[in-house]
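Structure, as structure tokens:
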Number of protein chains: 2
Amino acid sequence: MNEFNDQRATINDVARLSGVSKRTVSRVINNSPKVGKATRLKVQKIIDDLNYSPNAQARGLAARRSYLLGMIYDNPDALYINDVQRGVLSICRKFGYELVVHPCDMQSDTLIDEAVSFVNRSKLDGVIILPPISENNDLAGALGSANVNYVRLASIALDTARHVVISNERSAAAAMAEYLVKLGHRRIGYISGPRRMRSTRERLEGFCDALEKHGCKPDDDMIALGAYTFESGIECTRKLMANTNPPTVIFASNDEMAVGAINAAQDMGLKVPRDLSVAGFDDSILASRIMPPLTTIRRPVQDMARHAATKLIASIDGRNDEADVSIILVPELVERTSTRSL
Amino acid sequence: MNEFNDQRATINDVARLSGVSKRTVSRVINNSPKVGKATRLKVQKIIDDLNYSPNAQARGLAARRSYLLGMIYDNPDALYINDVQRGVLSICRKFGYELVVHPCDMQSDTLIDEAVSFVNRSKLDGVIILPPISENNDLAGALGSANVNYVRLASIALDTARHVVISNERSAAAAMAEYLVKLGHRRIGYISGPRRMRSTRERLEGFCDALEKHGCKPDDDMIALGAYTFESGIECTRKLMANTNPPTVIFASNDEMAVGAINAAQDMGLKVPRDLSVAGFDDSILASRIMPPLTTIRRPVQDMARHAATKLIASIDGRNDEADVSIILVPELVERTSTRSL
DNA sequence: CTGAAAGCGCTAACAT
DNA sequence: ATGTTAGCGCTTTCAG
């Protein structure tokens with residue numbers, strides 16, 4: 001490390017000192033195979049001595065590459081976002097990319113223009129889009145026609161394999177149904193997410209279809225429309241329990257609502273799981289901290305993120321086979337003590 | 001928007017179409033005052049028509065500016081990180097900066113080299129460092145001698161005003177002490193964070209000093225050494241309550257531990273707050289979701305982040321007066337129902 | 001396998 | 001107030 005020199009070394013310095021041309025140094029940096037072994041070693045030595053690292057901006061300008069990936073989201077769940085960031089970054093590191101984050105407002109009517117402008121302005125090589133924004137086909141379309149590489153995280157195949165990484169929430173919800181039936185429950189309440197989200201439908205249909213197979217499809221009064229919020233969990237639980245024949249278990253389709261359900265139950269003087277079982281979806285930090293600990297479904301968030309980043313970089317690098325591999329992950333059921341056998 | 005042209009417009013296109021030189025266009029882009037009003041309007045019109053936006057890489061290369069800020073952290077608390085990101089980004093947007101995130105491993109012995117290399121490689125204009133990494137003076141020193149602009153988020157003035165934004169956790173902890181004493185508590189238990197962190201000392205000393213003023217300085221057996229984790233909260237609570245004269249309230253110095261304390265209490269057959277009051281620190285999502293809802297202290301995280309970003313950008317722009325303003329924020333006490341009056 | 005030279009799109013002295 | 005001319009540090013034809 002040259003502690004005394006404020007100026008960082010450039011490719012010219014390396015070329016001069018190692019007695020080769022810029023072009024050759026560039027080849028060494030980029031691991032081109034067309035460099036003699038001796039030359040490579042000589043150049044590499046100078047690079048190490050100088051503690052040289054190429055200027056990303058200059059490189060990007062010349063090569064039309066920024067080595068920057070973007071992440072676009074409007075998700076209230078900080079834990080989810082953080083997990084995705086970590087997952088994406090673990091792959092970025094391997095390939096020399098950095099991650100630029102871009103939270104935004106889903107409802108904004110300039111959402112699409114803003115997203116495209118974000119990518120263009122920063123010359124991002126690609127973007128990863130998180131749910132629920134990932135479900136916006138217009139956004140994906142705009143990105144596609146602007147020739148932007150993108151991968152969406154989703155619960156269903158809403159794009160070609162190249163552009164999406166899927167967690168099969170339908171089958172995860174079905175697994176929860178199986179589990180609750182096996183515990184002996186027949187009166188089963190369900191709290192859904194907001195209508196406009198795809199995950200809402202996936203989870204609901206997966207759950208109901210599986211129950212139907214066991215001959216206990218829930219009546220309409222066993223299904224409450226929530227909003228993925230704590231408060232809506234409370235409200236829906238009240239509604240569900242007000243039925244003349246209330247459920248013995250409530251499956252809230254995310255943990256926030258499940259925690260709301262537990263709180264509501266306690267308010268009503270019901271003990272969970274003695275008087276009412278409760279299950280959630282997400283395995284957020286809340287799930288393991290709440291009393292009683294919540295039976296829930298763990299989405300493979302970091303895995304999805306890693307796959308998305310891998311796909312994206314493959315796509316940027318033109319490794320089409322890899323970019324086009326179909327990725328479908330299955331969340332797993334986490335059994336805790338908020339659900340009991342009847 | 002020119003939908004049919006794959007190539008984005010460049011400054012040359014704008015110059016040619018508006019019949020002025022590149023230099024003048026550049027002046028318009030950068031809001032230089034030395035441009036005639038008519039010229040400015042004419043150029044701006046072309047810019048709008050072409051939907052032109054300058055290439056950040058080229059701009060950065062020429063001006064030695066990337067318009068990229070970095071965020072360095074190793075913090076288990078996703079909510080905190082997310083809050084900081086949002087805060088920083090709200091300022092970034094105003095000034096045309098983007099944010100590159102960089103979680104890392106505090107324990108790594110290449111931490112410092114990696115951080116410096118991160119900044120150099122990506123040509124970041126500045127970085128914001130989160131606790132507890134922000135407490136690493138060697139890192140700050142290395143950044144400083146590498147001429148990197150940085151701002152640290154901290155609980156104490158561990159750098160010059162330009163380089164730090166402070167939340168006064170000492171006085172916040174003191175406020176909690178006052179509050180508990182006012183509720184009538186005298187036997188007061190404390191669960192600290194890990195020794196190596198500054199915030200641990202700040203919170204502990206602030207708390208104890210305030211109690212001392214009221215003549216109820218806690219004995220050594222009323223202070224348990226935790227680790228800011230859920231499990232350590234449980235363990236420390238057990239220890240505290242095993243005293244012959246156990247506390248009537250436990251102040252855990254973060255919410256995770258406070259939630260552990262509540263769980264431990266319930267395990268021991270104690271009802272919170274009837275048999276034991278519990279208070280936390282952070283006002284994390286857990287605080288409002290747990291039963292009973294947690295009395296805690298809310299750190300002004302987004303505010304700190306905004307101040308840090310503002311400072312950093314001022315410093316980059318050479319607005320020294322602004323960069324050197326001293327920022328000390330005070331967290332506020334949030335009263336909920338996990339603490340009761342004796 | 002290596003080198004010379006022409007840019008990538010922008011800013012910044014230095015004119016005018 | 002505006003234009004000319006060099007670069008910023010790198011990649012990339014195109015030659016050898």
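Here is the naming used below: chain letters follow the sequence lines, and residue numbers restart at 1 for every chain.
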Quickly work out the [X] [atom1] to [N] [atom2] distance and round it to whole Å.
X: Arg64(A); N: dT11(D); atom1: CZ; atom2: C1'; result: 10 Å
X: Arg16(B); N: dG3(D); atom1: CZ; atom2: P; result: 15 Å
X: Asn31(A); N: dT11(D); atom1: CG; atom2: P; result: 12 Å
X: Lys34(A); N: dA15(D); atom1: NZ; atom2: P; result: 15 Å
X: Asn12(B); N: dC10(C); atom1: CG; atom2: P; result: 7 Å
X: Asn55(A); N: dC8(C); atom1: CG; atom2: C1'; result: 13 Å
X: Lys42(A); N: dT2(C); atom1: NZ; atom2: C1'; result: 11 Å
X: Leu61(B); N: dC8(C); atom1: CG; atom2: P; result: 13 Å

With no hydrogens and no angle check, is any side-chain donor or acceptor of [X] less than 3.5 Å from a backbone partner on [Y]?
X: Lys123(A); Y: Asn120(A); result: yes
X: Gln57(A); Y: Arg65(B); result: yes
X: Ser134(A); Y: Leu153(A); result: yes
X: Ser145(B); Y: Gly141(B); result: yes
X: Lys22(A); Y: Asn12(A); result: no

Open item on the list: I need the Asn55(B) CG to Ile11(B) CD1 distance, nearest 0.5 Å.
Closed with: 10.5 Å

TODO: Using the six-membered ring wherever Trp is involved, compare the ring planes of Tyr150(A) and His163(A) and label them parallel, tilted or perpendicular (cut-offs 30° and 60°).
DONE: parallel

Open item on the list: Strictly below 4.0 Å: does Ser21(B) bring a side-chain N or O up to OP1 or OP2 of dG3(D)?
Closed with: yes

Open item on the list: I want to check one thing: is the phosphate of dT2(C), taken as OP1 and OP2, less than 4.0 Å away from some side-chain N or O of Thr39(A)?
Closed with: yes

Please list, one pair per line, the donor and acceptor atoms closer than 3.5 Å that link side chains of residues 25-32 of chain A to other protein atoms, with sequence neighbours excluded.
residue: Asn30(A); atom: OD1; partner: Arg59(A); partner atom: NH1; Å: 2.8
residue: Asn30(A); atom: ND2; partner: Ser26(A); partner atom: O; Å: 2.8
residue: Ser32(A); atom: OG; partner: Lys34(A); partner atom: N; Å: 3.2

TODO: Give me the bend of the helix from dC1(C)-dG16(D) to dT16(C)-dA1(D), using the axes of the five pairs at each end, rounded to 10°.
DONE: 30°

Task: Which nucleotide in dC8(D), dC10(D), dG3(C) has an atom nearest any side-chain atom of Thr24(A) - done: dG3(C)

Task: Test: Arg121(B) cationic atom under 6.0 Å from Phe118(B) six-membered ring centre, within 45° of axis - done: no

Task: Base-contact (B) and sugar-phosphate-only (S) positions in nucleotides 11-16 of chain C, heavy-atom cut-off under 4.0 Å, - elsewhere - done: BBB---

